[in-house]
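Single-structure report; data block below.
The structure presented is a predicted model; accordingly, all values stated were derived computationally and were not measured. Every chain is numbered from 1 and lettered A, B, ... according to where its sequence line falls, protein lines coming before strand lines.
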2 protein chains.
Amino acid sequence: MVEQDRARGTGPGARERRPDRKPTMADIAQHVGVSRALVSIVFRGKEGASEETRRRIFEAAAELGYRPDSLARGLRSNRTRTLGVLFDLRRPFEVELVEHMYPAAEQLGYHLLLGAVTPTRGQEHVVDELLRYRCEGLIVVGPDLDGHRLDAIADEVRLVEVGRAVTRGPVDVVRNDDALGTRQAVEHLVALGHRRITHIDGGPNPGASDRRAGYQRAMTDHGLAGEIRVVPAGYTDEDGAAAGRRLLDGPLPTAVIAANDQAAIGLLDVMLRAGVRVPQDLSVVGYDDSRFAKLPGIDLTSVRQDIPGMADFAIKAVVERLDLPEREPKQIALPPQLVVRGTTAAPHGA
Amino acid sequence: MVEQDRARGTGPGARERRPDRKPTMADIAQHVGVSRALVSIVFRGKEGASEETRRRIFEAAAELGYRPDSLARGLRSNRTRTLGVLFDLRRPFEVELVEHMYPAAEQLGYHLLLGAVTPTRGQEHVVDELLRYRCEGLIVVGPDLDGHRLDAIADEVRLVEVGRAVTRGPVDVVRNDDALGTRQAVEHLVALGHRRITHIDGGPNPGASDRRAGYQRAMTDHGLAGEIRVVPAGYTDEDGAAAGRRLLDGPLPTAVIAANDQAAIGLLDVMLRAGVRVPQDLSVVGYDDSRFAKLPGIDLTSVRQDIPGMADFAIKAVVERLDLPEREPKQIALPPQLVVRGTTAAPHGA
DNA sequence: TTGTAAGCGTTATCAC
DNA sequence: GTGATAACGCTTACAA
């Protein structure tokens, strides 16, 4: 027997007890009395092993507590079947997106390797980490790197951007149709009878300019170009509160559309403290349909992004480009959906 | 030159363009004209290479776009310096905990491998995945597996449990001192002059029984055993709202301590709708100091767990046990801190 | 200071 | 159906 390689002593001292070493395929092979190659075949589910052998190998594996080694496997096969996902742990939206990527990846036979951006780990650092683990594709949620850097990365690995496009290279992009969301909000309010609808702007934040543009175009389309009013703000409570205070200085609109939920909540608070009743005196719409929007006592009408759809698209896009190397990259903007809750109603005079 | 191994053709056809293959140490070695071993030494920062050689190797690495291969490294050295972290992506508390683990791990020279539990991936599945990547230690946040299973895992890898202890094996455990948190809440309220303090119970949820016990003991210690009142509820908005409605059936206490923020918020909503003013008529304390508690318009007094402290302890514990194999496992309960906000004040009669 | 050679646990390519 | 053998990219004695 030439290939006895790492066979351990089976002399009188070696009883039935568990070995102190992690069992390998060689151990199973030895235990069953076949070659390692055959064990490998069985574990990969390839054909080329008899039913009887399969059974005995699985049996031995269970008995020895064997677990395949992803490192060795990836190294040798040059195929990790792993997708890296770069996202920001502090953003609930991105976390939820990641959650939805799992079933999609699993179904296509890929693993997810999470690369969390945190205050101590920038995107560049995380990309490097992911690439060292040989992930075959990279999904970057909320890319923050400059376009050139990302183009260089796209050169090394299949890339998908989620949220916004910062590159012109061969990269798939999936994002929310931000403009459509604010349009839906405008249309909902117009249908309720509102005309004086103000937008609380998101400033330089991701998606904010499209949300503003969607508002402006929808207002124009409904003959309300003269009613367009944009109050500069941002994505935080405090931004929304400040915008609310500005609004209180003049005659109130009958409805506001905030660039996101946080700002809407800050604004809501200022309004309620000032004695403005919502939705009787003022209708308020948020954006993101975050957990805050669903809270009793807030119950905010809000625009929900299609998170499962985006997750699904991102995974499928990268896997497709892995399987069909010459497939052209796609770009897509998924439609959001307005979730109507308690902060919107017909205006007073209607 | 015996060791020219995978040297690629450098003939007339091979211009300066980037190779289509990922560069390896062999490429750098060849480029510089040294052995692979030397390149390895340099990349690991070990001494035994001249300054000049170091410089030239780093230069070549940068030029070729080299990136060390974590798979090969881990496989060969049998040392991945990787810690697996099992946590639930849906629980903001756990996500925040993970975020704080990064700096601690990085400082000790370890990487984190995230194992996210989601509705489609149970704890067992995630543990298996993590172990296949050869992580050397495993941090299980909110263990849900039964004790025997976890004991078996502790047999394969250094284990730390965060949140609760489900095993008796050689395992470190770090958790919040849940009872101390409710005690702090009781003492805060008593200092404000409250006596009729009711606890909104967390039911069978993690930490809930300790929170209840802390409340009961603190009440007793302040001579308020006769005022102890526990309303069964849970950890959701709806649980809190239901408890609030029950409370409204009888004479109101002057203060309530909810088992968590969600329940507190559900209760708050019911109270405000019923015309009960907070904090004038009723003081409310939550638990977790979640993002909800900080929202303007909620501004909830709440008990904050020491998340950075727990993260730090978990990482240090597992690394210590990796470095000092015979170190005894530790168990610790970290003290939380009461964060006083707008929902607590002196009772009416005070 | 530097090079040689032997693996780590797996898969791929041949043979038989 | 099955087995031997050579890699994958790296680390680690040990030799020079």
Side-chain angles (χ1 to χ4, degrees), chain A residues 1-8 19 21-30 32-57 61 64-82 131-134 136, chain B residues 1-8 19 21-30 32-57 61 64-82 131-134 136:
Chain A
M1 193 193 202
V2 178
E3 200 200 49
Q4 75 169 52
D5 42 74
R6 274 139 303 173
R8 253 146 325 290
R21 231 185 12 67
K22 212 184 61 170
T24 72
M25 282 191 174
D27 297 311
I28 298 181
Q30 199 213 187
V32 175
V34 295
S35 72
R36 288 181 299 163
L38 206 44
V39 177
S40 171
I41 285 172
V42 169
F43 264 91
R44 278 174 296 148
K46 293 249 172 192
E47 52 187 332
S50 68
E51 265 319 309
E52 171 62 6
T53 305
R54 296 194 119 72
R55 201 188 47 70
R56 288 174 56 209
I57 286 177
L64 299 178
Y66 171 75
R67 207 188 303 275
D69 187 316
S70 296
L71 267 46
R73 203 189 270 248
L75 177 60
R76 171 60 236 224
S77 67
N78 205 17
R79 201 87 170 71
T80 56
R81 300 196 74 82
T82 290
L131 257 27
R132 285 175 182 222
Y133 275 97
R134 286 200 183 196
E136 302 181 13
Chain B
M1 194 192 202
V2 178
E3 199 198 52
Q4 73 168 57
D5 40 76
R6 276 139 301 175
R8 252 147 325 292
R21 227 184 14 66
K22 212 184 62 169
T24 71
M25 281 192 175
D27 297 311
I28 299 180
Q30 198 213 190
V32 176
V34 296
S35 73
R36 289 183 299 161
L38 204 45
V39 177
S40 172
I41 284 172
V42 168
F43 264 91
R44 278 175 297 146
K46 293 249 172 191
E47 53 188 332
S50 69
E51 265 320 308
E52 171 62 7
T53 305
R54 294 195 118 74
R55 200 188 50 68
R56 288 173 57 208
I57 285 177
L64 299 178
Y66 171 75
R67 208 188 302 275
D69 186 316
S70 296
L71 268 45
R73 201 191 271 251
L75 178 60
R76 170 60 235 227
S77 67
N78 204 16
R79 201 86 172 73
T80 57
R81 300 196 73 83
T82 290
L131 259 25
R132 285 175 183 224
Y133 275 97
R134 286 198 184 198
E136 303 180 14

Expressed as a whole number of angstroms, how long is the span from [X]:[atom1] to [N]:[atom2]?
{"X": "B:Q30", "N": "D:dC10", "atom1": "CD", "atom2": "C1'", "value": "17 Å"}
{"X": "B:K46", "N": "C:dT1", "atom1": "NZ", "atom2": "P", "value": "15 Å"}
{"X": "A:R36", "N": "C:dG7", "atom1": "CZ", "atom2": "P", "value": "12 Å"}
{"X": "A:R67", "N": "C:dC8", "atom1": "CZ", "atom2": "P", "value": "21 Å"}
{"X": "B:R21", "N": "D:dC8", "atom1": "CZ", "atom2": "C1'", "value": "11 Å"}
{"X": "A:E52", "N": "D:dG1", "atom1": "CD", "atom2": "P", "value": "13 Å"}
{"X": "B:L71", "N": "C:dC8", "atom1": "CG", "atom2": "C1'", "value": "12 Å"}
{"X": "A:I41", "N": "C:dT11", "atom1": "CD1", "atom2": "C1'", "value": "10 Å"}

Atom pair [atom1]/[atom2] of [X] and [Y] - distance to nearest 0.5 Å:
{"X": "A:Y133", "Y": "B:R73", "atom1": "OH", "atom2": "CZ", "result": "10.0 Å"}
{"X": "A:R76", "Y": "B:L75", "atom1": "CZ", "atom2": "CG", "result": "12.5 Å"}
{"X": "B:R54", "Y": "B:E47", "atom1": "CZ", "atom2": "CD", "result": "8.5 Å"}
{"X": "A:K22", "Y": "B:L131", "atom1": "NZ", "atom2": "CG", "result": "8.0 Å"}

Tell me whether the OP1 or OP2 atom of [N] has a side-chain N or O from [X] closer than 4.0 Å.
{"X": "B:S50", "N": "C:dT1", "result": "no"}
{"X": "A:R44", "N": "C:dA12", "result": "yes"}
{"X": "A:S40", "N": "C:dT10", "result": "no"}
{"X": "A:Y133", "N": "D:dG9", "result": "no"}

- A:L38 versus A:A49, closest heavy-atom pair with distance: CD1-CB, 4.0 Å

- Message: To check you understand the geometry: which heavy-atom pair defines the closest contact between B:G65 and B:P23, and what is its length?
- Response: O-CG, 3.6 Å

- Query: Starting at the 5' end of DNA chain C and moving along, which residue's nearest nucleotide shows up first, B:A72 or B:A49?
  - Reply: B:A49

- Query: Just one of A:V32, A:T53, A:I57 clears the side chain to side chain contact (heavy atoms under 4.5 Å, CB included) bar with A:V39, so which one?
  - Reply: A:I57

- Message: Under 4.0 Å, heavy atoms only, any strand: does A:F43 hit a base, just the sugar-phosphate, or nothing?
- Response: nothing

- Message: What contact category does A:R134 fall into here, base, sugar-phosphate, or nothing, at under 4.0 angstrom with non-hydrogen atoms?
- Response: sugar-phosphate

As a test of reading the structure: which of [options] is closest to the side chain of [X], going by heavy atoms?
{"X": "B:T53", "options": "D:dC10, D:dG1, C:dT2", "value": "C:dT2"}
{"X": "B:D69", "options": "D:dG9, C:dG3, C:dT10", "value": "D:dG9"}
{"X": "A:L38", "options": "D:dC10, C:dT11, D:dG3", "value": "D:dG3"}
{"X": "B:T24", "options": "D:dT11, D:dG9, D:dA6", "value": "D:dG9"}

What pairs of nitrogen or oxygen atoms, one from the protein and one from nucleotides 14-16 of chain C, lie under 3.5 Å apart?
none

With a 4.5 Å heavy-atom cut-off, do [X] and [Y] have their side chains touching?
{"X": "A:E136", "Y": "A:T80", "result": "yes"}
{"X": "A:I41", "Y": "A:R44", "result": "yes"}
{"X": "B:T24", "Y": "B:D69", "result": "no"}

- What are the residues of residues 73-82 of chain A, sorted by number, that bring a heavy atom to within less than 4.0 Å of DNA chain C? A:R73, A:R76, A:S77

Interface polar pairs with nucleotides 13-16 of chain D, N/O, under 3.5 angstrom:
none

